[in-house]
Structures are given as structure tokens and as C-alpha cells.
Amino acid sequence: MVGATITGTARRGKYLWLILDGDDALLAHLGMSGQMLITSPDAAVGAHERARFTFTDGGHDLRFDDQRTFGHLMYDEGGAVLPSPIAHIARDPFDPLFDQPGVVAVIKSKRTGIKRVLLDQTVVSGIGNIYADEALWAAKVHGETPAASLSRSRISAVIEAARDVMTAALAQGGTSFDSHYVDVAGSSGYFARSLNAYGRAGRPCRRCGTPIVREKLMNGSSYSCPLCQRKR
DNA sequence: CCTGAGCCCTGGGGGC
DNA sequence: TGCCCCCAGGGCTCAG
């Protein structure tokens, strides 16, 4: 990295990368607790600071902090356009080249539940556990519904719902439950208060009043309304 | 090929 | 207070 110039930034799904001198890339994934922070050069070393980049133009430092160390940084030669380690990651719903009919067809060909497919980053990237639950709630589909049993229009509606909920979340700076989830300036987002399903076990569905139910899936928690999102 | 379980880590919170 | 278990917005590897 010494002597490199950052000439741009890019992202795909949950991966992001800094473009270096137009050809190479510094690829990053925040995992579950990673943070990219722009801080003062005098800022003390953070408790979970893993890397710090200083600049010769007298500006701020760039830090990578990560408590749980599921996040990572990787230098990738020639990876400016698309780093080779993430060539298998599908385009996300905000990508101008996102092929929605193609993605719908792939989802329909899967022999597993719709939520698992939404979380499969090789099918569609960028959707995580929270936004998958929110999209399924909005589309009134239960996450364990076999993907192949849903109509193309229903699958399309789920994707639209995911794009809508992520758009709304981005407008509010994201979903922050605690100090792990902050932007480069260290600020938290406000979308947590707008969640309709995730984390609301026992509380009334905002649509029909039925208590939201929490279930286990893939070593994690899934939240849904048992009335609006009936299992079929 | 496709699918799903296991596992990589640290730390906060609740129950006992 | 201390201890233990559970939980956490992810994704790779590998067995079946």
C-alpha cells in the first residue's frame, strides 16, 4: 500500500473496495462488526483497530476497526473493476446491470426455502438477515416457502420489497442496534425504529396486530407474522 | 452440481 | 460477584 493513491471506490453486495492507481484494489468486507472510519491523525488507537492508513496530503486517516474479526481486508492486484476473490458474488439489486428476470428464474429453480435463497450471495447479493425478513414481511411470504413454489411475479415482488426496504434504510443511515453499526464518521443510522418484523418477537404485527414470531433458521433468527405470512 | 451443517471470532446480556 | 449459556446485520469450506 505504501505510495499507492486511492483513485476511486466501488462495491458489490456487502463487499467494497478502494481502487488503487487505477488498476489494483484493496478489497474489504465488514463481516458483522467491521467499521471503516475516517478519523483524525491524532486519534488514539482504538480497542479493535486492525489497520490504519495515513495519507501524505495532510488529511484524515482511514481506519479499519473490527471487534469480532469476521471482517477482512485483502490486496488484489488488477482488481479495480472486480476483484477476483469476489467474482462469484452476484450483482445486487442496486446494480444498473442487475438482471431481475434472470435472478427470478434462478430463484425459481432452487429447491430450498425463499429466505435461504435471498441470503445466498451468489444468487443476489447485498441482502442480509434483517432485510430478508423485512422484505418477506412486506411481500407477505414466509421464509420457509419453497422458492420453486412461488410464482415469478411473487418472487419479483419479494425482490422489489428488498430493494424498497434497503432504499428506505439507506435514507436513514442504515439499521443500528448498537455502536457496531456506524458510517465512516461514526454515526448510527435510524432504521431500526422502522423495522416491521426483525427483532419484534411478541410485539404486534404493524399490519394485522398478530404477535410477531421468532423461529430458528440457518443458525440464526427469523421473524415473521404468522397470519400475514402463512406457511404453505 | 446442489444443499445444509459447522465453524471462524469477541463481547454483551440474561439467568442462576 | 461470578459463571455459563446464548446471541450477534456473514460467508467460506466441506460432507453427503
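In the text below, chain A, chain B and the rest are named by the order of the sequence lines, each starting its count at 1.
Using a 3.5 Å distance cut-off with no hydrogens or angles, the side chains of A/Thr7 and A/Thr5 do not pair a donor with an acceptor. In the model, A/Ser33 has a side-chain atom that pairs as donor or acceptor with a side-chain atom of A/Asp66 under 3.5 Å. Using modelled atom types, one finds a donor on one side chain and an acceptor on the other under 3.5 Å when comparing A/Ser84 with A/Asp76. Counted by atom type alone, A/Gln35 and A/His180 present zero donor-acceptor pairs between their side chains at under 3.5 Å. In this model, no donor atom of one side chain and acceptor atom of the other lie less than 3.5 Å apart for A/Lys14 and A/Ser125.
Remark: DNA chain B takes part in the stems B:2-8 with C:10-16, B:10-16 with C:2-8, each of 3 or more antiparallel Watson-Crick or G-U pairs, criterion distances under 3.5 Å.
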Exercise. What string of B, S and - do you get for nucleotides 9-16 of chain C, 5' to 3', when a contact is any protein heavy atom under 4.0 Å?
Worked result: BBSS----
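For the atom pair OG of A/Ser222 and CD of A/Gln229, the computed distance is 10.0 Å after rounding to the nearest 0.5 Å. Expressed to the nearest 0.5 Å, how far SG of A/Cys225 lies from CG of A/Asp133 amounts to 12.5 Å.
For the ring-ring contact (aromatic ring centres under 6.0 Å, His included) test, residues two or more places apart in sequence or in another chain that qualify with A/Tyr198 are A/Phe177, A/Tyr223.
Within residues 140-151 of chain A, no residue places a heavy atom under 4.0 Å from DNA chain C. Within residues 105-115 of chain A, the residues approaching DNA chain B are A/Lys110, A/Arg111, A/Thr112, by heavy-atom distance under 4.0 Å.
For the P atoms, the distance linking B/dT3 with C/dG9 amounts to 24 Å, nearest Å. Between B/dG11 and C/dC12, the distance separating the two C1' atoms is 23 Å to the nearest Å.
A/Ser40 contributes a side-chain N or O that, together with a main-chain N or O of A/Asp42, makes up a donor-acceptor pair within less than 3.5 Å.
Residue A/Gln67 contributes atom CD, which lies 17 Å from atom P of C/dC7 at whole-angstrom precision.
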Without placing hydrogens or testing angles, list every side-chain donor-acceptor pair under 3.5 Å for residues 158-171 of chain A, not counting sequence neighbours.
residue	atom	partner	partner atom	Å
A/Glu160	OE1	A/Arg163	NH1	3.0
A/Glu160	OE2	A/Gln100	NE2	3.1
A/Glu160	OE2	A/Arg163	NH1	3.4
A/Arg163	NE	A/Pro93	O	3.1
A/Arg163	NH2	A/Gln100	OE1	2.9
A/Thr167	OG1	A/Arg163	O	2.7

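At least one side-chain heavy atom of A/Leu82 sits under 4.5 Å from a side-chain heavy atom of A/Arg12.
With respect to A/Arg200 and A/Glu134, no salt bridge is recorded, no charged nitrogen being found less than 4.0 Å from a carboxylate O.
Within a 6.0 Å radius of NZ in A/Lys140, other residues, nucleotides and ligands contribute 12 heavy atoms or fewer.
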